[in-house]
Amino acid sequence: MKKERQSFSGKIEEVIYARLEHGEDLLRALWDICEKHDVKTGVLLDATGTLDTVRLQRAPHQPRKGTDGIDMVQMPGYLEVSAHGLIGMGWVPGPSVQLPPAFMTEIDTGFGAAGFVGHKTPYCHVHITVTNSSETVCGHLMEGSTVCRNSYDGKAEVPTHFSVVIAKVSGVILRANMDMRGMYHDIIPA
């Protein structure tokens, strides 16, 4: 018997535009914007700009044991960026819940690349594509991806052009559940 699919309707309540500044961590900036604008559930419609460096998780070129098939990648900039993703809230039913050691790295938030730091904190599952003059990489955004300067002479006097667009959604809640079964999305009516 086929399991019923979770499916609930919501409405776009508002669209938030924000410009990031040189040196900001992209994932942490998204969390901050969500907190400031009380975004419990939403969509990262777009993140466009340039990064000094990116840290991400991606599928490996060759499968291997012990990492659950995930590569951690750090790539230096100047990097052109395009990103989109889901926004919700982290949901941890108890303090004893932790990720399996294979997921933990020095660049991990503690709850994976999907990005949240604790119960009811902003959650951003962001797919990011970055490119430089010789390589293009796609994966899940992680902390440590920083916005670069927007000037030809390297001075920070010019504001950056790195912008994000977030749609705040009401009527439905996206929870990034972390429990003894693992990490998964739960969609519930608000």
Side-chain angles (χ1 to χ4, degrees), residues 12 14-61 67 69-90 103-117 121-169 174 176 183 185:
I12 293 179
E14 65 181 306
V15 177
I16 300 154
Y17 287 79
R19 186 186 73 220
L20 305 187
E21 296 302 329
H22 172 252
E24 282 194 86
D25 183 286
L26 177 54
L27 184 57
R28 288 196 168 272
L30 293 171
W31 293 338
D32 291 345
I33 294 163
C34 289
E35 284 181 329
K36 178 180 178 181
H37 293 275
D38 196 33
V39 178
K40 303 284 188 231
T41 298
V43 181
L44 174 61
L45 298 172
D46 188 53
T48 300
T50 53
L51 294 175
D52 282 327
T53 189
V54 69
R55 289 182 173 177
L56 54 82
Q57 288 183 352
R58 70 171 182 193
H61 292 285
T67 63
I70 297 173
D71 272 346
M72 304 295 180
V73 176
Q74 181 167 333
M75 187 172 161
Y78 188 87
L79 301 162
E80 291 289 338
V81 174
S82 179
H84 64 278
L86 301 174
I87 296 171
M89 68 174 87
F103 277 78
M104 299 304 290
T105 72
E106 73 279 359
I107 59 174
D108 202 337
T109 63
F111 292 98
F116 67 98
V117 293
T121 61
Y123 159 78
C124 298
H125 185 125
V126 178
H127 287 207
I128 185 168
T129 301
V130 298
T131 189
N132 62 21
S133 61
S134 62
E135 182 178 24
T136 299
V137 178
C138 303
H140 291 105
L141 175 65
M142 295 187 73
E143 286 181 273
S145 302
T146 55
V147 175
C148 76
R149 297 181 195 277
N150 185 34
S151 62
Y152 298 106
D153 62 4
K155 295 179 182 175
E157 297 164 0
V158 178
T160 73
H161 66 273
F162 201 109
S163 301
V164 299
V165 183
I166 295 172
K168 182 177 180 178
V169 175
L174 174 68
M183 187 171 179
H185 289 169

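The first residue of the sequence shown is numbered 1, and numbering continues consecutively from there.
- Annotation for Cys34 and Ile166: closest pair SG-CD1, 4.4 Å, computed over non-hydrogen atoms.
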(message) Quick one, Leu30 with Val164, criterion side-chain contact (heavy atoms from CB on, under 4.5 Å). Give me CA distance, side-chain angles, the key distance, then yes/no.
(response) CA-CA 8 Å; Leu30 293 171; Val164 299; 4.0 Å; yes

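- His127 and His84 are not linked by any side-chain donor-acceptor pair at a separation below 3.5 angstrom, with hydrogens and angles left out of the test.
- Shortest non-hydrogen contact noted between Thr50 and Cys148 is OG1-SG, 2.8 Å.
- Among all heavy-atom pairs drawn from Leu174 and Ile87, the shortest one is CD2-O, 3.7 Å.
- Residues Thr136 and Val130 form no side-chain contact, since every pair of their non-hydrogen atoms from C-beta on lies 4.5 Å or further apart.
- Of all heavy-atom pairs spanning Val126 and Ala83, the tightest one is CG1-CB, 3.8 Å.
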(message) Using the rule given for side-chain contact (heavy atoms from CB on, under 4.5 Å), can you reason through Thr146 versus Glu24, listing the C-alpha separation, both sets of side-chain angles and the distance that settles it, and then say yes or no?
(response) CA-CA 5 Å; Thr146 55; Glu24 282 194 86; over 6 Å; no

(request) Decide yes or no on side-chain contact (heavy atoms from CB on, under 4.5 Å) for Thr53 and Leu79, but give the supporting numbers first. (result) CA-CA 7 Å; Thr53 189; Leu79 301 162; 5.5 Å; no

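- The CG atom of Leu86 sits 6.5 Å away from the NE2 atom of His125 when rounded to the nearest 0.5 Å.
- Taking all atoms of both residues into account, the shortest heavy-atom contact from Ala176 to Phe116 is O-CZ, 3.7 Å.
- To the nearest 0.5 Å, atom OH of residue Tyr78 and atom CZ of residue Arg149 are 13.0 Å apart.
- Note that the CE atom of Met75 and the CG atom of Asn132 stand 3.5 Å from one another [nearest 0.5 Å].
- Taking 4.5 Å as the limit, some side-chain heavy atom of Ile16 sits within range of a side-chain heavy atom of Val39.
- At least one side-chain heavy atom of Ile33 sits under 4.5 Å from a side-chain heavy atom of Leu20.
- Of the options Asp38, Val43, Thr41, a side-chain contact (heavy atoms from CB on, under 4.5 Å) to Lys168 is made by Asp38 and by none of the others.
- If you take SG on Cys138 and CD1 on Ile128, they are separated by 9.5 Å, rounding to the nearest 0.5 Å.
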(message) Assess the residue pair Arg58 and Met72 against the criterion (side-chain contact (heavy atoms from CB on, under 4.5 Å)); give the C-alpha distance rounded to whole Å, side-chain angles, the decisive distance to 0.1 Å, and a yes or no.
(response) CA-CA 7 Å; Arg58 70 171 182 193; Met72 304 295 180; over 6 Å; no

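- Heavy atoms only, all atoms of each residue included: Trp31 and Cys124 are closest at CD1-SG, 3.8 Å.
- We find the OG1-CG distance between Thr129 and Leu141 to be 11.5 Å, quoted to the nearest 0.5 Å.
- Between Arg55 and Glu143 there is no salt bridge, since no side-chain N of the basic residue sits under 4.0 Å from a carboxylate O of the acidic one.
- In this structure, Leu26 CG and Met142 CE are separated by 13.0 Å, a value rounded to the nearest 0.5 Å.
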